[in-house]
Number of protein chains: 2
Amino acid sequence: MDNKASASSGEKILAAATRIAQAHGYGGLNLRTLAEEVGIKAASLYHHFPSKADLAAAVARRYADDSVATLEAIATEAGSPDACLRRYPETFRRSLERDNRICLCSFMAAEYDDLPAEVQAQIQVFADVNVAWLANVLQAGGIKREAAELRGRAIFAAVSGAQLMARGRADIALFDSIIESYQAAGLFASANP
Amino acid sequence: MDNKASASSGEKILAAATRIAQAHGYGGLNLRTLAEEVGIKAASLYHHFPSKADLAAAVARRYADDSVATLEAIATEAGSPDACLRRYPETFRRSLERDNRICLCSFMAAEYDDLPAEVQAQIQVFADVNVAWLANVLQAGGIKREAAELRGRAIFAAVSGAQLMARGRADIALFDSIIESYQAAGLFASANP
DNA sequence: ACCTGAACACCGTTCAAGT
DNA sequence: ACCTGAACACCGTTCAAGT
């Protein structure tokens, strides 16, 4: 039977790379350090991934996939559109809870211009699925399609910014307080004023 | 008489370093490339700045100082608190206009944990003066001190997030559209609902 | 199939040596 | 006072050589 201790080398590399990238970004992902964590030499990494760019793209792809699953779960659990919107920031908060890590894709967005193309593509996928989920929820709440798209982008950008700022201060309470302000201002409201 | 052509070496280094850091962040600031742009060798940079950390801190310090001046100018020009809030995103938009560059300090916020302490300190100063300016304007608009502080942080985080997202898409119109959404939602409103 | 040591061109940084 | 070439320990990456 499978268990976590018997994870394949490729899986162990991917997991460690995700952890490092969430803390230090693409540029801060050091292959010698990564290899040491996995228990092999840096040169051996190339037997599992053709390059650092491919490894990072795989990390980002799985991150985006996991996000889709999480968002779908929220949509299923939380009945109403309003409940969905209230719970949306959870996904960003969770990263901060784990050693002040940050949403992988928001993080890499800062390095965006210097990222390999295949990593850039995955960052865009992550942003797109988030905006699409938000737009869908907002539409279900009664907002017209085009307006829901615009509002979805605004919510995604705002929550990303909150996460980035809270990380700089290493203060989750700051994240919660900013989200509360957004809610009080009506940014998450599913109906237009 | 002074003119731009006769700028000192220190000033030329600072200007070039600011440009590079805005485009590539701290990690992407390459001393050999920087030196070449200025017309000297990398080793010569150390005659003007004791280290890359000190150079970056000087860049960030001047960036924060310039922001203070810009915000004060806005406060003087725009009479009402509402006009101030409407114009606030200008400072972030300006960076995007210039070759899709980004607010230096929002950028470095992503690299935050890996930055030298003296650079971190300047990033915090930048965030603090922005939040203080916003809180001040909001108070003048009739919001109580504590609530104004919270709202100021929310606006700063939201506008930073909009800038980061627009940069990833290399699309200033996206920035404008997100800011409009914020305004429509009432995030910039100087009075509580 | 997977791992490795040694090498490559690159980084920030130092330093002795030049003007 | 300012500049430089050469060297240092570090990066991603390659490759011949091992099991």
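Reckoned from all heavy atoms, side chains included, excluding hydrogens, waters and symmetry mates. Lettering follows sequence order; numbering is per chain, from 1.
- Rounded to whole angstrom, the span from the CG atom of Leu34(B) across to the P atom of dC11(C) amounts to 12 Å.
- The partner of dC3(D), taking Watson-Crick or G-U wobble pairs whose two distances both stay under 3.5 Å, does not exist in any strand shown.
- To the nearest angstrom, C1' of dA9(D) lies 10 Å from CZ of Arg32(A).
- Following rounding to the nearest Å, His24(B) (NE2) and dC11(C) (C1') show an atom-to-atom distance of 15 Å.
- The OG1 atom of Thr18(A) sits 5.0 Å away from atom CZ of Arg62(A), with the distance rounded to the nearest 0.5 Å.
- One distance of note links CG of Asp65(B) with CD of Gln122(B); it measures 7.5 Å at 0.5 Å rounding.
- Taking side-chain N and O atoms only, His48(A) has no distance below 4.0 Å to OP1 or OP2 of dA1(C).
- Rounded to whole angstrom, the span from the CD atom of Glu36(A) across to the P atom of dC10(D) amounts to 12 Å.
- Rounded to whole angstrom, the span from the NZ atom of Lys41(B) across to the P atom of dC3(D) amounts to 12 Å.
- Across Leu104(B) and Ala60(B), no two heavy atoms sit closer than the pair CD2-CA, 4.0 Å.
- Distance CD1 (Ile40(B)) to C1' (dA1(D)): 13 Å, rounded to an integer number of Å.
- Picking from dC2(D), dT13(C), dT4(C) the nucleotide with the shortest atom distance to the side chain of His47(B) gives dC2(D).
- Distance, Leu45(B) CG to dC15(C) P: 17 Å, rounded to whole Å.
- Taking a pair to require two hydrogen-bonding distances under 3.5 Å in either a Watson-Crick or a G-U wobble arrangement, dA9(D) remains unpaired.
- Set against dT13(C), dC15(C), dG12(D), the side chain of Ala43(B) has dC15(C) as its closest nucleotide.
- In the set dT4(D), dG12(D), dC3(C), dC3(C) carries the atom at the smallest distance from any side-chain atom of Ser44(A).
- Between the CZ atom of Phe49(B) and the C1' atom of dT14(C) there is a distance of 19 Å, given to the nearest Å.
- Which of dG12(C), dC3(D), dT13(D) sits closest to the side chain of Ala42(A) comes down to dT13(D).
- Counting heavy atoms from C-beta on, the side chains of Val131(B) and Met165(A) come closer than 4.5 Å.
- An OP1 or OP2 oxygen of dC10(C) is reached within less than 4.0 angstrom by no side-chain nitrogen or oxygen of Asn30(B).
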